[in-house]
Amino acid sequence: MIQEQLASVEEKIQRACERSGRKREDVTLIAVSKTKPIQDLKEAYRCGARFFGENKVQEISEKYPQMPGDVKWHMIGHLQRNKVKYIVDKISMIHSVDSLRLAQTIQSEAKKHQVRVPILLEVNVAEEESKFGLSVAETLPLAEQISQLENIHIQGLMTIAPYVEDPEENRWVFRELKKLSVDIAAKNIDNVDMFVLSMGMTGDYEVAIEEGATMVRVGTGIFGERDYQV
Ligand SMILES: *Cc1c(COP(=O)(O)O)cnc(C)c1O
């Protein structure tokens, strides 16, 4: 099951890259394995998946020692400051930074572990009230502040687009995030890079790739529906 689904996602990514004149290797597929049992992650790993996305510190901590060492763990969910210390040396990237206070905590924990943590700023492009993330206007000022923190490396932006029936409805969101990243890159801020655009989920990753996504976060499309009852 996971093997077929992964192959199908892979093919759609490939086609979206071709449609938009992009190279396949410029798009990283993050397999979002939240709520899924370790056997599912292992199967995805056997099929070639190396980047896994989780949204809970507890779950990363449990799964981390059970998976091979070359897995890259991506923290994609809202992160509480008091939990940063448990994962700062385990994760390859935090996609969900949206405040200076959180960044300061990441900085001090990263310094303790002598690591430099790649992060993305989460932007709530569509300004949905239910979602975390910065407004478009808040993003550059926060990037400037975080650029001072030497154990943090801003590598780009992330957004969670609204839930929509037709992925075309989210094209403007992805375009807007891309535009914002180009604007910020043009400021040439020390310690701030904009080569990562984490956007697109199961329902809309092909449109996101057409609009410049360099990371897509696909859960349901690979592992099937999540059961939150468990
Ligand atoms: C759960 C989640 C995803 C994956 O969602 P699917 O629709 O299952 O692909 C992607 N990004 C974030 C931030 C998530 O929390």
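Whatever order the structure lists ligands and atoms in, that order sets their numbers, starting from 1.
Among all non-hydrogen protein atoms, the one lying nearest atom 5 (O) of ligand 1 is Met201 CE, 3.5 Å. Scanning the protein for heavy atoms near atom 15 (O) of ligand 1, the closest one is Lys34 NZ, 2.6 Å. At the top of the distance list for atom 9 (O) of ligand 1, counting protein heavy atoms only, stands Thr202 OG1, 2.4 Å. Protein heavy atom closest to atom 12 (C) of ligand 1, with residue, atom name and distance, is Ile76 CD1, 3.5 Å.
Residue Asn55 has no nitrogen or oxygen atom sitting less than 3.5 Å from a nitrogen or oxygen atom of ligand 1, judged on distance alone. Where the criterion is an N or O separation shorter than 3.5 Å, residue side chain and backbone included, Gly219 meets it with respect to ligand 1.
Within the 4.0 Å heavy-atom shell around ligand 1 one finds Arg226.
Contact atoms of ligand 1 toward Thr220: 6 (P), 7 (O), 8 (O), 9 (O) (distance under 4.0 Å to a heavy atom of the residue). With ligand atoms numbered from 1 in the order given, ligand 1 contributes 4 (C), 9 (O), 10 (C), 11 (N), 12 (C), 13 (C) to contacts under 4.0 Å with heavy atoms of Arg217. Using a 4.0 Å cut-off to heavy atoms of Val218, the atoms of ligand 1 that qualify are 9 (O).
Note on Lys131 versus Glu128: salt bridge recorded, some NZ/NE/NH1/NH2 to OD/OE distance being below 4.0 Å. Between Arg15 and Glu18 there is no salt bridge, since no side-chain N of the basic residue sits under 4.0 Å from a carboxylate O of the acidic one. Comment: Arg175 engages Glu211 in a salt bridge, judged by a side-chain N to carboxylate O separation of less than 4.0 angstrom. Comment: Glu210 engages Arg171 in a salt bridge, judged by a side-chain N to carboxylate O separation of less than 4.0 angstrom.
Each of Met158, Lys72, His74 was checked for a side chain to side chain contact (heavy atoms under 4.5 Å, CB included) with Met93, and the lone residue meeting it is His74.
Contact between Ser33 and Phe52 at its shortest, heavy atoms only, is OG-CD2, 3.7 Å.
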Quiz item: Should Ser96 and His78 be marked as a side chain to side chain donor-acceptor pair (under 3.5 Å) after you check the CA-CA gap, both sets of side-chain angles, and the distance that decides it?
Solution: CA-CA 6 Å; Ser96 45; His78 183 66; over 6 Å; no
